[in-house]
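Since the model is a prediction, treat every value here as computed from it, not as a measurement.
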Amino acid sequence: MSHAMLIGLLMHLGGSFDMPADALSVDALGTPDGTFHAVELGILEDGQVRLSVVPRPHGEGAGLQFRNGE
């Protein structure tokens, strides 16, 4: 799902996006234990969607979750 979100974001931005190389550093992508951050997709009141980077939940809370109305 995060791959599809990235593709959608890049297409919205014209197909590519320039960023500094350190945006892909270990510290930028995850936590010190090597866990990648998670992507959150939120639906806004005006019908748009918001992609956000959030801490990955631990244990049974990890993984893909769908919530309506938040």
Side-chain angles (χ1 to χ4, degrees):
M1 186 68 176
S2 59
H3 185 248
M5 291 181 209
L6 176 60
I7 299 262
L9 177 62
L10 287 172
M11 292 305 294
H12 177 72
L13 295 172
S16 64
F17 180 76
D18 296 337
M19 61 186 182
D22 64 357
L24 299 174
S25 72
V26 173
D27 291 338
L29 296 178
T31 58
D33 67 358
T35 302
F36 285 120
H37 294 308
V39 178
E40 179 178 80
L41 177 64
I43 300 171
L44 303 177
E45 290 181 11
D46 63 1
Q48 295 190 78
V49 294
R50 174 176 290 145
L51 296 177
S52 304
V53 175
V54 296
R56 183 173 300 284
H58 296 285
E60 293 182 18
L64 188 63
Q65 297 178 3
F66 293 97
R67 292 181 284 202
N68 190 13
E70 290 186 19

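Using a 4.5 Å cut-off between side-chain heavy atoms of Ile, Leu, Val, Met, Phe, Trp and Tyr, with links allowed through other members, Met11 and Leu41 fall into different hydrophobic clusters. Phe36 and Val53 are assigned to two separate hydrophobic clusters, defined by single-linkage of ILVMFWY side chains at heavy-atom distances under 4.5 Å. Tracing side-chain contacts under 4.5 Å through hydrophobic residues (I, L, V, M, F, W, Y), one never reaches Ile7 starting from Val39; they form parts of separate clusters. A chain of hydrophobic side-chain contacts below 4.5 Å, direct or via other Ile, Leu, Val, Met, Phe, Trp or Tyr residues, connects Leu13 to Val49.
Heavy atoms from other residues, nucleotides or ligands lying under 6.0 Å from CG of Asp18 number 12 at most.
When all heavy atoms of Leu29 and Ala23 are compared, the pair lying nearest together is CD2-O, 3.9 Å.
Atoms NE2 and OG, on His37 and Ser52 in that order, are 13.0 Å from each other to the nearest 0.5 Å.
In this structure, a donor-acceptor pair under 3.5 Å is absent between the side chains of Asp27 and Ser25.
Counting only heavy atoms from C-beta outward, the side chains of Met19 and Leu24 approach each other to under 4.5 Å.
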